[in-house]
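What follows is a short report on a single structure.
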Amino acid sequence: MMWRGRVIYSGSVTGQAIVTRMGISFFGGVDPDTGIVVERGHELEGQSIAGKILVFPTGKGSTVGSYTLYRLKANGKAPLAIVNRECETITAVGCIIAEIPCVDHIPVQQVSSGMQLRIAVDGEEAVVDTQP
Amino acid sequence: MDLTSEEQDMLAGNQGRATQKAMEILVALGRIYGAERMTPVTSVQVAGVSYDNLGEAGLSFLSEMAEGGGRTRVLTTLNPAGMDLENWQALGISPEFAEGQERVINAFGRMGVITTCTCTPYLTGNVPHFGEHIAWAESSAVCYANSVIGARTNREGGPSALAAALTGRTPLYGYHLDIHRRAGVTVQVRGRVSSNDEYGALGKAIGQKLEAAENKPVTYIKGIDSASVDNLKSFCASLATYGGAALFHMEGITPEAVQMPELHDVIDIAQSDIDSALSSMNDAASEDVDFVSLGCPHLSIREIARIASLLKGKRVTKEFWITTARPTKQIADMMGYTAVIEASGAKFAADTCCVVAPIKDRFHVIATDSAKACYYAYSKNKFKTVLKPFDDVVAEALR
């Protein structure tokens with residue numbers, strides 16, 4: 001499968017997807033020291049997003065969440081890249097300051113956890129495809 | 001986006017790494033929200049100042065921006081810090097926290113930010129005029145600037161506000177444009193509000209109905225005869241906290257409140273809605289109060305004068321924090337209010353507030369006149385709350 005999306009922060013990577021149908025609040029929802037999702041009742045609660053391509057519909061919560069992404073990166077626990085249906089301010093700004101590749105306008109419901117994804121940037125467009 | 005040659009120069013990195021990073025942030029936001037171009041801004045308010053929220057990583061980002069040559073191009077002030085920058089020891093702040101907080105303030109200072117740490121910049125010299133484009137973080141101040149003053153700002157986060165400060169620009173979308181400032185719903189208030197706690201309850205009642213509506217229309221509020229600046233700052237803080245609102249119009253009070261020709265949906269706010277909002281923020285008894293705090297948003301000098309008159313010659317029996325901007329406290333010093341208040345045993349906590357100070361586990365029940373303070377006391381610190389009119393909160397500290 002292959003999808004075309006919009007580049008929020010540029011970068012080409014290959015990695016394993018971790019997918020949720022729920023929004024993510026980085027501030028308070030993800031432990032900045034471990035990369036583990038700690039939001040009570042979240043689909044990904046207890047799982048680590050470190051080194052994975054994190055796929056979720058859109059971000060939510062406090063704007064301090066941008067700094068949480070930066071803290072994750074500084075601690076070596078950031079996701080490899082972020083893929084959204086619709087990126088919002090908190091995630092976008094977090095990815096830019098932490099230099100985490102970020103793509104949106106992707107039909108995230110078609111992606112499943114465990115898939116190998118490749119993200120390649122082509123100008124303002126990004127191509128996300130599944131690797132065998 | 002259509003960028004000027006100056007903006008392209010910033011984006012290319014010709015004006016330093018920090019300016020480039022700032023422009024990258026603004027361009028990305030502009031693309032997300034479909035802005036056609038940037039607009040110059042004249043004033044910035046930066047949030048994300050408390051060391052409690054930033055941590056070492058947030059601090060290292062700010063240091064990187066300062067080292068990378070970041071310098072403000074327009075008047076820029078700060079949100080409250082996690083402590084009184086001068087008197088932190090008396091407020092029970094640890095030396096480790098104080099050291100981290102001072103490094104945050106120094107990083108902002110190196111970038112040319114005016115380091116008054118307050119959520120009411122509009123009371124202490126960062127005051128835009130009607131129609132001016134600005135880039136403010138701090139949700140209560142955003143709501144006040146847009147609604148009460150009629151300046152134009154989106155709800156910025158810490159990094160995007162800093163980016164505006166370092167470039168003097170913000171992407172032109174959202175509340176900068178006429179079309180997004182029009183009211184989409186009429187709110188008819190059929191109850192009575194006069195004190196700050198009641199304005200806060202009104203903000204919560206309206207805010208919760210907006211949250212339920214999801215698309216968060218701008219409100220046109222009818223039925224309020226008069227409101228003081230102090231009432232409005234309380235209302236703005238509550239409406240922003242509970243409803244995520246950045247702008248409202250209030251008939252007869254705010255400058256853009258001109259009746260719209262389109263047919264509106266109407267939200268009715270009855271006395272019972274205000275009463276139930278008030279009771280939702282009273283989940284403890286007076287006897288259990290162990291922390292009293294006034295100044296969310298930061299107190300005006302008029303409010304501090306009132307506290308001084310109520311405390312004169314008396315002794316407080318509980319920990320009582322009076323939170324305000326340092327320039328406002330300096331007026332209180334000059335007028336002798338500080339001496340009267342401190343003689344009672346109450347404590348000034350300038351530069352900070354009960355929302356951002358690290359006070360979890362230190363207290364159990366807070367008394368306040370602020371609906372916003374109730375929200376954070378409960379969600380961040382797990383305190384129970386007693387919400388009362390201003391004078392009655394002072395009385396709680398004395399009983």
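Residue numbers start from 1 in every chain, and the chains themselves are labelled A, B, ... in the order their sequence lines are given, proteins ahead of strands.
Going from atom CZ of B:Arg73 over to atom CE of B:Met10 covers 4.0 Å, rounded to the nearest 0.5 Å.
Contact between B:Ile25 and B:Pro159 at its shortest, heavy atoms only, is CD1-O, 4.2 Å.
Only the side chain of A:Ser66 comes within contact range of chain B, with heavy atoms under 4.5 Å apart. Proximity to chain A (any heavy atom under 4.5 Å) is restricted, for B:Leu62, to the side chain, taken from C-beta onward. If you measure heavy-atom distances from B:Ser60 to chain A, the contacts under 4.5 Å come from both the backbone and the side chain. Using a 4.5 Å cut-off between heavy atoms, B:Leu29 touches chain A through its side chain atoms alone.
Taking the six-membered ring where tryptophan is involved, the planes of B:Tyr33 and B:Tyr173 are essentially parallel, since the angle between them stays under 30° and well short of 60°.
Options A:Ile96, A:Asn75, A:Thr68, A:Ile8 differ in how many heavy-atom pairs under 4.5 Å they form with chain B, and the most are formed by A:Ile96. Each of B:Ala57, B:Gly58, B:Ala163, B:Gly157 has some count of heavy-atom pairs under 4.5 Å with chain A, and the biggest count is that of B:Ala57.
Checked against the 6.0 Å centroid criterion, the rings of B:Tyr378 and B:Phe383 do not qualify as a close aromatic pair.
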May I have the step-by-step check of side chain to side chain donor-acceptor pair (under 3.5 Å) for A:Glu86 and A:Thr58, ending in yes or no?
CA-CA 5 Å; A:Glu86 192 70 44; A:Thr58 193; over 6 Å; no
